[in-house]
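This is a predicted model, so every value here is computed, not measured. In what follows, residues are counted from 1 in the order of the sequence shown.
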Amino acid sequence: MAKYLIIGGVAAGMSAAARLRRLDETTEIIVLERGGYVSYANCGLPYYVGNEISKRDDLLLQTPQSFNRRFKTDVRIHNEAVAVHPDRKTVTVKNLATGEQYEESYDSLLLTPGGSPVRPAIPGCEHPAIKTLWTIPDTDEIRTMVDSGNVRKALVVGGGFIGLEMAENIRIRGIEVALVEMAPQVMNVIDPEMAAIVHTELRKNGIALHLNETVARFEPLPGGGVLAQLGSGTHIEADMVLLSIGVKPNTGFLADSGIELGARGHIVVDQHLRTNKPDIYAAGDAIEVINPFTGKKSAVPLAGPANKQGRIAADTIHGITTRIYKTTMGTAIAKVFELAVGVTGATEKFCRDENIPYLSAINHSSDHAEYYPGSTRLSFKLIFSPGTRRVLGAQVVGYEGVDKRIDVIATAIKGGMTVDDLTEIEHAYAPPYSSAKDPVNMIGFIAQNILDGLVRSITFDCVKRAVDEGAYLLDVRSLGEFLAGTIPGAVNIPVDLVRRKHSKLPKDVPILIFCLVGVRGYIASRILTAHGFTNHVNLSGGIETYNAASTM
């Protein structure tokens, strides 16, 4: 009878344990978990703090007892693996409840130790009011502080997914929230003009943003809180601080094992999730994965990939070698108050950093038919290849239907589809859910027009340079829209008058055309082309994107 040992519960480890049992009823399966909980909804933790999830037990998907009843698995909580010995196929384990150490043997070993929040070396960082959120006990501590009524002001350090979710949920509890982010934007996994929409939503809901800032030190306050001194000299008082600045892999116990680790301490695996040591496998947040666009190794600590990796690792351990884990492109979504922010694949920033040829398109359309009540704006950015026309990535920000569109694009990237394919995708259509031409089709049309040379586009960040070089700004919105505010120096000719008034436009200087979101600008561009104008561009995403990005 084979003996399988798994180090680490929660996503990858428990997925693997359940899969192994379903594949073989006779094996011995042991899971070692240094914490007190297994198979819990760690992605739901911020919402328990905010009381969106009111019952703590709803976060607990399985207990050691319930998992054993269903999957005949020996789940040992408060048992920490402290060393792995591949030469004798044993693991040294410490029982954290008793302090006892013992050796546990294995035939196959699966490493799913996960990660932990980075706690920076900021002076004063060990103050009891400064917390991180990663586990159930972390949540209990933070929820207790919030429930006490003694937290009037909170500081969140880090504007990633967890930082934003915590900022929202603490604010929902009636607490003043300041957020410090060292980058010029929150959510660095998306591009600046899309992050600008998120900034507006945060400020609208009372979050004080401090961008391009770092915390230099924390000093204790008499009432039990802290005073955070920022790098700029600004001071922020807080009764509670939440650090959310990154995740590191829990692989310190592998130091003397000979198991290969990457530059940042992540476990190196092949496509079958095998390590460099026989009969030792790894999955989850602690492993390196392959980026599909560069072939480089990176770390992507997300629950979806971790669960899938756990299942594939179990198949490999069982002898099913037809399953492989290929790449992780980082498809993700976050709720920021009423806004949803989704991303998949490559961003413009990523393509620039990796020298990947790309083009982009932006569209602002409605999440469903505008004539059906309740439609809201959906901001959609597509990244695509100028050579192969393949879809490389997308970002969608809006109030409804974001997940649907991001999932379609993620599937398109996985399938190697082109922008032409996007124009032909058949969606389930009825006025309450979409439009006859879904936003996915529309962004495909725009990209197709760019690639086919029917329009030349310019991005928001190139407008100033174009104006400095003498571009003629043409606002083709209505007169009322123009009078309500435009780009300084622009001349207004509504799109329906362009045919009649094109002779008034200069042919000897470049013309930068813009409208609200880009549609009327495209129409004006085609009209000008038909009348012999060759040097004109359309502002991608229109003045809506330009104005949003100008707030950065």
(request) Determine whether more than 12 heavy atoms belonging to other residues, nucleotides or ligands lie under 6.0 Å from atom NZ of K326. (result) no
(message) Can you give me the closest heavy-atom contact between V177 and A167, atom names plus distance?
(response) CG2-O, 3.9 Å
(request) Give a yes or no on whether the backbone of N150 and the side-chain of S148 come within a donor-acceptor separation of less than 3.5 Å. (result) yes
(request) Please check if the side chain of E354 supplies one atom and the backbone of I356 the other of a donor-acceptor pair under 3.5 Å. (result) no
(request) Report the C-alpha distance between E168 and K335 in whole Å, list the side-chain angles of each, state the deciding distance to 0.1 Å, and finish with yes or no for salt bridge (charged side-chain N to carboxylate O under 4.0 Å, His left out). (result) CA-CA 9 Å; E168 173 190 347; K335 177 181 178 295; 2.3 Å; yes
(request) Scan side-chain atoms only and decide if D279 and S108 contain a donor-acceptor pair under the 3.5 Å cut-off. (result) no
(message) I need the minimum non-hydrogen distance between A228 and L155, along with the two atoms involved.
(response) CB-CD2, 3.6 Å
(request) Please name the pair of heavy atoms, one in T132 and one in I142, separated by the smallest distance, quoted to 0.1 Å. (result) O-CD1, 3.9 Å
(request) Scan side-chain atoms only and decide if T73 and N68 contain a donor-acceptor pair under the 3.5 Å cut-off. (result) no
(message) Does Y399, at its OH atom, have more than 12 non-hydrogen atoms belonging to other residues, nucleotides or ligands within less than 6.0 Å?
(response) yes
(message) Do L202 and L164 make a side-chain contact, defined as non-hydrogen atoms from C-beta onward lying under 4.5 Å apart?
(response) yes
(message) For a quick test of reading the model, state the closest non-hydrogen atom pair linking T347 to I190 and the distance between them.
(response) CG2-CA, 4.3 Å
(request) Report yes if the side chains of R21 and I29 come closer than 4.5 Å at any heavy-atom pair, otherwise no. (result) yes
(message) I'd like to know if the side chain of D107 reaches the main chain of K3, judged simply by a donor and an acceptor atom lying under 3.5 Å from each other, with no hydrogens or angles considered.
(response) yes
(request) Check whether more than 12 heavy atoms from other residues, nucleotides or ligands sit under 6.0 Å from atom CZ of R22, and answer yes or no. (result) yes
(request) Begin with the C-alpha distance, continue with both residues' side-chain angles, and end with the deciding distance and a verdict on side-chain hydrogen bond (donor to acceptor under 3.5 Å, both in side chains) for T135 and D138. (result) CA-CA 5 Å; T135 65; D138 294 339; 3.2 Å; yes
(message) Regarding T376 and E400, do their side chains bring together a donor and an acceptor under 3.5 Å, going by distance alone?
(response) no
(request) Please assess S298 against N291 for the test side-chain hydrogen bond (donor to acceptor under 3.5 Å, both in side chains), listing each intermediate value before the final yes or no. (result) CA-CA 7 Å; S298 61; N291 183 282; 5.0 Å; no
(message) Check this for me, if you would: do K89 and E104 make a salt bridge, where the nitrogen-to-carboxylate-oxygen distance has to be below 4.0 angstrom?
(response) no
(message) Between N307 and A12 (side chain of the first, backbone of the second, donor and acceptor by atom type, cut-off under 3.5 Å), is there such a pair?
(response) no
(request) Measure the CG-OG distance between L5 and S105 for me, rounded to the nearest 0.5 Å. (result) 8.0 Å
(message) Here's one to test your reading of the geometry: is the NZ or CZ of R143 within 45 degrees of the ring axis of Y48 and under 6.0 Å from its centre?
(response) yes
(request) Give a yes or no on whether R119 atom CZ has more than 12 heavy-atom contacts from other residues, nucleotides or ligands under 6.0 Å away. (result) yes
(request) Could you tell me whether the side chain of S66 and the main chain of Q62 form a donor-acceptor pair under 3.5 Å? (result) no
(request) Supply the atom-to-atom distance T112 OG1 to D285 CG, rounded to the nearest 0.5 angstrom. (result) 10.0 Å
(request) Rounded to the nearest 0.5 Å, what's the gap from CG on L242 to CG on N169? Could you check? (result) 11.0 Å
(request) Go through D367 and K404 one step at a time and tell me if the salt bridge (charged side-chain N to carboxylate O under 4.0 Å, His left out) criterion holds. (result) CA-CA 10 Å; D367 64 287; K404 171 180 175 178; over 6 Å; no
(message) Quick one: does any side-chain atom of N250 pair with a main-chain N or O of P113 as donor and acceptor, under 3.5 Å?
(response) yes
(message) For a quick test of reading the model, state the closest non-hydrogen atom pair linking L243 to P120 and the distance between them.
(response) CD1-CD, 3.9 Å
(request) With side chain to side chain contact (heavy atoms under 4.5 Å, CB included) as the test, would you mind laying out the steps for V289 and Y325 before giving the verdict? (result) CA-CA 9 Å; V289 294; Y325 190 82; 4.2 Å; yes
(request) Output every pair passing ring-ring contact (aromatic ring centres under 6.0 Å, His included) with a member in residues 49-86, not counting sequence neighbours, ordered by first then second residue. (result) F67-F71
(request) May I ask you to check whether over 12 heavy atoms, not counting those of D256, lie within 6.0 Å of atom CG? (result) no
(message) Restricting to non-hydrogen atoms, name the atom on G163 and the atom on S244 that form the minimum distance, rounded to 0.1 Å.
(response) N-OG, 3.1 Å
(request) Supply the atom-to-atom distance M182 CE to L211 CG, rounded to the nearest 0.5 angstrom. (result) 12.0 Å
(request) Would you mind reporting whether E103 and V91 have side-chain heavy atoms less than 4.5 Å apart? (result) no
(message) Under a 3.5 Å distance rule, please check whether R405 uses its side chain to pair with a backbone N or O of G401 as donor and acceptor.
(response) yes
(request) Start with the C-alpha distance between T294 and F350, add both sets of side-chain angles, then the distance that settles side chain to side chain contact (heavy atoms under 4.5 Å, CB included), and finish with yes or no. (result) CA-CA 10 Å; T294 64; F350 175 84; 3.5 Å; yes
(message) For a side chain to side chain contact (heavy atoms under 4.5 Å, CB included) check, start with the C-alpha distance between I175 and V146, then their side-chain angles and the critical distance, and finish with the verdict.
(response) CA-CA 9 Å; I175 297 167; V146 171; 4.0 Å; yes
(message) Would you say that K131 contacts E141 through its side chain, given a criterion of any heavy-atom pair below 4.5 Å between the two side chains?
(response) yes
(message) Rounded at 0.5 Å granularity, tell me how far CD1 in I162 sits from CD in E165.
(response) 7.0 Å
(message) I'd like to know whether R76 forms a salt bridge (charged side-chain N to carboxylate O under 4.0 Å, His left out) with D74, so could you lay out the CA-CA distance, the side-chain angles of the two residues, the decisive distance to 0.1 Å, and finally the verdict.
(response) CA-CA 6 Å; R76 303 176 188 174; D74 180 4; 2.9 Å; yes
(message) Using the rule given for side-chain hydrogen bond (donor to acceptor under 3.5 Å, both in side chains), can you reason through S232 versus E213, listing the C-alpha separation, both sets of side-chain angles and the distance that settles it, and then say yes or no?
(response) CA-CA 7 Å; S232 64; E213 281 279 21; 2.4 Å; yes
(request) Would you give the length of the straight line joining atom CD1 of I7 to atom CG of N79, rounded to the nearest 0.5 angstrom? (result) 11.0 Å
(request) With D191 as reference, evaluate K381, R352, K349 under the salt bridge (charged side-chain N to carboxylate O under 4.0 Å, His left out) test and give the passing residue. (result) K381
(message) Do Q101 and T92 pair up side chain to side chain, a donor and an acceptor below 3.5 Å, judged on atom types alone?
(response) no
(request) For D24 and T27, test the side chains for any donor-to-acceptor distance below 3.5 angstrom and give the result as yes or no. (result) no
(request) Answer whether the closest heavy-atom distance between the side chains of E126 and F218 falls below 4.5 Å. (result) no
(message) Any heavy-atom pair between the side chains of Q309 and T328 that's under 4.5 Å?
(response) yes
(request) Please answer whether the main-chain N or O of R152 pairs with a side-chain N or O of D239 as donor and acceptor at a distance below 3.5 Å. (result) yes
(request) Taking the side chain as every heavy atom from C-beta outward, state whether L109 and V84 have any pair of such atoms under 4.5 Å apart. (result) yes
(message) Are the side chains of P117 and L133 in contact, using a 4.5 Å heavy-atom criterion?
(response) no
(request) Spell out, as yes or no, whether a donor-acceptor pair under 3.5 Å connects the side chain of R173 to the backbone of V49. (result) yes
(message) I'd like to know if the side chain of E181 reaches the main chain of G158, judged simply by a donor and an acceptor atom lying under 3.5 Å from each other, with no hydrogens or angles considered.
(response) no
(message) Checking side-chain polar atoms at under 3.5 Å, does Y358 have a donor or acceptor matched by the opposite partner on E348?
(response) yes
